[in-house]
Amino acid sequence: MIRLFDSAHGQVRELTLRDPGQVSMYVCGPTVYDLPHLGHGRFTLVWDVARRWFTFQGLLVHYVSNITDIDDNIITRASREGTSEELVAKTYEKSWWDAMDALGVAYPDDVPHATQYVAQMVELITQLLEGDVGYKTSDGIYFDVSRVPDYGLLAGQPLDSLRAGARVETNDEKRSPLDFVLWKNAKPGEPSWPAPFGEGRPGWHTECVVMSLELLGEGFDLHCGGFDLRFPHHENERAQAVAAGVRFAQHWDHNGWVMVGDEKMSKSLGNFTSLTDLLDKNDARAYRLLVLRSHYRSPIEVTPATIGDAERALARLDGLARRFGLVALAGHHLEVKDDFSWSGAALELYEHVAAALNEDLDTPKALAQLFEALSSANALADGGHEEEARELAVALNALFGALGLSLVSASAVVDEISQALVNERDGARTAQNWTEADRLRGELVDLGWTVEDSPSGTLIRRP
RNA sequence: GGCGGCGUGGCCGAGUGGUUAGGCAGGGGCCUGCAAAGCCCCGUACUCCGGUUCGAAUCCGGACGCCGCCUCCA
């Protein structure tokens with residue numbers, strides 16, 4: 001049984017599946033008008049981990065995440081740069097997938113682009129207009145939130161109190177400040193599509209509700225995104241589905257914020273803002289580990305210090321991979337439990353990790369258990385219990401892989417000069433010429449190697 | 001104004017009323033020719049004030065501080 005927080009209920013609930021053995025999930029993707037930032041990195045990592053974990057346990061996951069390729073921000077950028085909306089979207093979508101690649105976020109099963117679903121959006125809006133839930137103003141079509149009895153479910157507040165706090169600009173034509181735009185009338189020079197109610201383009205909230213239903217069908221299982229999407233975006237998606245008489249997501253979940261200390265973000269302070277930047281400077285796995293280390297609904301702080309901390313922890317994982325010659329897993333491949341064998345300490349570890357992850361995706365708890373097992377594996381090997389140690393190490397590799405973390409044992413290619421120094425040093429050590437051995441170690445270190453002695457002789461690797 | 005969250009050891013960060021979270025950094029030890037890697041041991045923390053309880057970081061009340069959402073936003 002998988003239990004997961006449900007934003008619609010404000011508590012952890014069992015994730016009941018529409019089709020047993022299958023999970024249908026929709027994760028709100030980016031609007032591609034700029035480089036991806038740390039927040040994008042977090043939400044993609046969090047839900048990538050959920051997807052991987054569901055898959056690992058044997059569930060068939062249908063994972064859909066969209067690209068919003070038409071939007072005010074895209075239009076603004078295109079006109080500012082004197083280029084087309086299409087080119088802006090293409091450019092930043094490329095950056096998006098490059099970053100996802102680097103992060104080891106697996107490609108979704110489906111990636112709907114908003115511009116490809118305009119016809120279906122027009123259909124939905126037509127239906128809402130017919131029911132008088134949608135209404136015309138001079139600049140477009142709006143949705144009348146008062147027509148949805150439980151509007152405010154995801155916000156956790158009734159309509160009245162939401163309205164009281166509304167900071168939206170007053171628009172005399174709107175029936176309520178909370179009403180949101182379904183369709184924006186075409187403006188000269190902006191992309192637009194034909195519709196019976198007038199040429200224009202869809203509102204953001206309409207895009208996601210249409211795409212998720214189109215690809216996952218009525219009453220799909222899980223709808224996720226960042227905390228800020230809870231209201232109004234997800235509230236409004238849901239409102240449209242309710243008004244259209246369609247069963248929508250059965251479970252809602254939202255991940256927490258990325259903080260960058262209380263300092264303003266700026267390059268001069270060494271704070272990272274763009275994901276692209278972070279990935280240029282650090283091991284991408286460090287961000288995944290950082291994300292896994294705190295609960296997905298808590299805020300996390302991303303600073304050079306916390307990233308560095310995670311990178312050093314990663315070194316221990318890679319040390320295990322080196323010691324046991326483990327093959328790197330994860331990446332684009334989603335691991336499945338049944339591809340590994342489980343018994344003894346490995347099975348026990350799996351069960352503990354599964355218990356943690358199936359209780360609201362408690363990755364910190366799972367990680368604590370994995371790190372403890374990592375020490376055990378090394379201790380067993382130190383004690384000469386090779387078999388047991390190896391079994392545990394293989395299980396650890398599988399479980400880290402289930403979370404999308406690759407353990408890397410491959411050391412850099414050793415050039416001829418370095419290899420000659422290694423050979424020389426082994427000779428010196430055999431001859432017990434410690435002075436010479438130390439001098440040669442110094443040379444290797446100067447060449448940027450980390451030098452370790454082992455039963456089989458000098459080992460060098462890149463730190 | 002409404003709704004919600006948070007304040008834990010040097011740092012990050014979990015925590016279901018009583019028994020070790022975990023990681024990083026630091027100290028000691030084992031191993032090693034010396035190192036590195038690895039293993040073992042160590043810090044006895046929980047914003048403050050009351051209360052409930054045999055017992056609270058964990059429940060209740062209050063104070064202080066911080067943050068998020070109510071507008072585009074991951």
Side-chain angles (χ1 to χ4, degrees), chain A residues 7 10 27-31 33-34 36-47 71-73 76 152 154-158 160-169 177-178 180 204 224-233 235 254-259 262 275 289-290 292-295 297-303 305-320 322-323 356 359 362-372 374-383 428-429 432-435 437-438 441-442 445 449-454 458-461 463:
Chain A
S7 307
V27 178
C28 276
T31 300
Y33 68 96
D34 204 350
H37 60 247
L38 296 178
H40 293 116
R42 184 178 192 192
F43 93 77
T44 50
L45 284 168
V46 163
W47 302 114
D71 156 276
D72 287 355
N73 289 312
T76 305
L154 288 171
Q157 291 190 76
D160 288 350
S161 72
L162 281 169
R163 184 179 287 150
R167 289 176 283 167
V168 191
E169 76 296 342
L178 292 170
F180 58 91
W204 181 40
C224 320
F227 245 75
D228 51 340
L229 294 187
R230 186 168 167 169
F231 188 93
H233 184 53
E235 188 76 55
H254 297 93
N255 61 273
W257 225 240
V258 172
M259 321 285 283
D262 27 279
L275 235 197
L289 185 59
L290 193 59
L292 288 169
R293 235 167 41 164
S294 55
H295 190 84
R297 286 188 284 110
S298 306
I300 58 169
E301 210 173 317
V302 183
T303 64
T306 58
I307 281 285
D309 187 313
E311 274 186 325
R312 284 185 295 275
L314 223 40
R316 258 178 87 199
L317 304 189
D318 290 345
L320 187 83
R322 272 199 309 281
R323 182 168 194 175
E359 182 60 31
D362 193 344
T363 54
K365 193 174 195 174
L367 227 45
Q369 277 146 352
L370 291 171
F371 271 95
E372 274 183 23
L374 190 153
S375 293
S376 299
N378 278 318
L380 284 166
D382 284 353
R429 292 190 71 234
Q432 302 200 344
N433 183 349
W434 309 127
T435 314
D438 289 349
R441 175 165 57 199
V445 168
W449 295 101
T450 292
V451 180
E452 287 177 26
D453 293 343
S454 80
T458 298
L459 290 180
I460 59 173
R461 62 183 163 89

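Below, all heavy atoms of this structure are taken into account, side chains as well, without hydrogens, waters or symmetry copies. A note on names: the letters A, B, ... follow the listed sequences, proteins ahead of strands, and every chain is numbered from 1.
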Of the listed nucleotides B:C69, B:C24, B:A74, the one nearest the side chain of A:Phe43: B:A74

Touch class at under 4.0 angstrom, heavy-atom based, for A:Gly383 against every strand present: nothing

Sugar-phosphate only, base, or nothing, as touched by A:Glu372 at under 4.0 Å among non-hydrogen atoms: sugar-phosphate

Sugar-phosphate, base or nothing in reach of A:Val46, heavy atoms under 4.0 Å: nothing

Between B:C41 and B:G62 - C1' atom distance, rounded Å: 43 Å

Partner nucleotide of B:C39 by Watson-Crick or wobble geometry (both distances under 3.5 Å): B:G29

Sugar-phosphate only, base, or nothing, as touched by A:Ser375 at under 4.0 Å among non-hydrogen atoms: sugar-phosphate

B:G33 base / A:Asp438 side chain donor-acceptor hit below 3.5 Å: yes

Sugar-phosphate only, base, or nothing, as touched by A:Thr44 at under 4.0 Å among non-hydrogen atoms: nothing

Candidate nucleotides B:A74, B:G38, B:C67, ranked by approach to the side chain of A:Met259 - the nearest: B:C67

Sugar-phosphate, base or nothing in reach of A:Gly156, heavy atoms under 4.0 Å: sugar-phosphate

Rounded distance in Å between the C1' positions of B:C12 and B:G17: 26 Å

Value in whole Å for how far the C1' atom of B:G4 lies from CZ of A:Arg297: 12 Å

N or O in side chain of A:Ser298 less than 4.0 angstrom from B:A14 OP1/OP2: yes

Test item: A:Leu289 and A:Leu367 side chains (from C-beta on) under 4.5 Å apart, heavy atoms: yes

Aro-ring/base stack A:Phe371-B:G22, d under 5.5 Å, angle under 30°: no

Opposite nucleotide pairing with B:C3, Watson-Crick or G-U, both atom distances under 3.5 Å: B:G68

From B:A36, B:A74, B:A14, nucleotide with atom closest to A:Asp362 side chain: B:A14

Paired nucleotide for B:C54 [Watson-Crick or G-U wobble; both distances under 3.5 Å]: B:G18

Rounded distance in Å - CG (A:Asn255) to C1' (B:G5): 15 Å

Nearest-Å distance for atom pair CG/C1', residues A:Asn73 and B:U71: 13 Å

Side-chain-base donor-acceptor pair under 3.5 Å for A:His37 and B:A74: yes

Side-chain donor-acceptor pair present, A:Ser375, A:Arg316, cut-off under 3.5 Å: yes

pair A:Tyr33-A:Asp72: side-chain heavy atoms closer than 4.5 Å: no

Sugar-phosphate only, base, or nothing, as touched by A:Arg323 at under 4.0 Å among non-hydrogen atoms: sugar-phosphate

Rounded interatomic separation in angstrom, taking CZ from A:Phe231 and P from B:U71: 6 Å

Given B:G33, B:C39, B:G22, the nucleotide with the shortest approach to the side chain of A:Asp382: B:C39

Of the listed nucleotides B:U71, B:G38, B:C24, the one nearest the side chain of A:Pro232: B:U71

Spacing of the P atoms in B:G13 and B:G18 (rounded, Å): 24 Å

Residue-phosphate contact under 4.0 Å: A:Arg316 side-chain N/O, B:C39 OP1/OP2: yes

Short side-chain to backbone donor-acceptor contact, A:Arg42 and A:Gly256, under 3.5 Å: yes

Gap between atoms CG and P, on A:Asp318 and B:A37 respectively (whole Å): 14 Å

Partner nucleotide of B:G61 by Watson-Crick or wobble geometry (both distances under 3.5 Å): B:C49

Most 5' of A:Arg230 and A:Thr306 on RNA chain B, judged by nearest nucleotide: A:Arg230

Spacing between A:Arg322 atom CZ and B:A37 atom P, to the nearest angstrom: 9 Å

Sugar-phosphate only, base, or nothing, as touched by A:Arg312 at under 4.0 Å among non-hydrogen atoms: sugar-phosphate

Euclidean distance for P, B:A57 against B:U52 (whole angstrom): 16 Å

Span that lies between the P atom of B:C49 and that of B:A14, in whole angstrom: 25 Å

Selected nucleotide, minimal atom distance to A:Leu374 side chain, candidates B:C69, B:C39, B:G33: B:C39

Same-atom distance (P) from B:G43 to B:G9, integer angstrom: 16 Å

Nucleotide of B:U71, B:A14, B:G2 approaching A:His295 most closely (side-chain heavy atoms): B:A14

A:Arg441 (side chain) and B:C34 (base): donor-acceptor pair under 3.5 Å: yes

Spacing of A:Leu317 atom CG relative to B:G22 atom C1', expressed in whole Å: 12 Å

Residues A:Arg461 and A:Asp318 bridged, charged N to O under 4.0 Å: no

Whole angstrom value for the distance that separates P of B:G5 from CH2 of A:Trp257: 17 Å

Contact nearer the 5' end of RNA chain B, comparing A:Ala313 with A:Asp453: A:Ala313

Integer angstrom distance from the C1' of B:A45 to that of B:G7: 13 Å

Distance between C1' atoms of B:A56 and B:G15 (Å, rounded): 13 Å

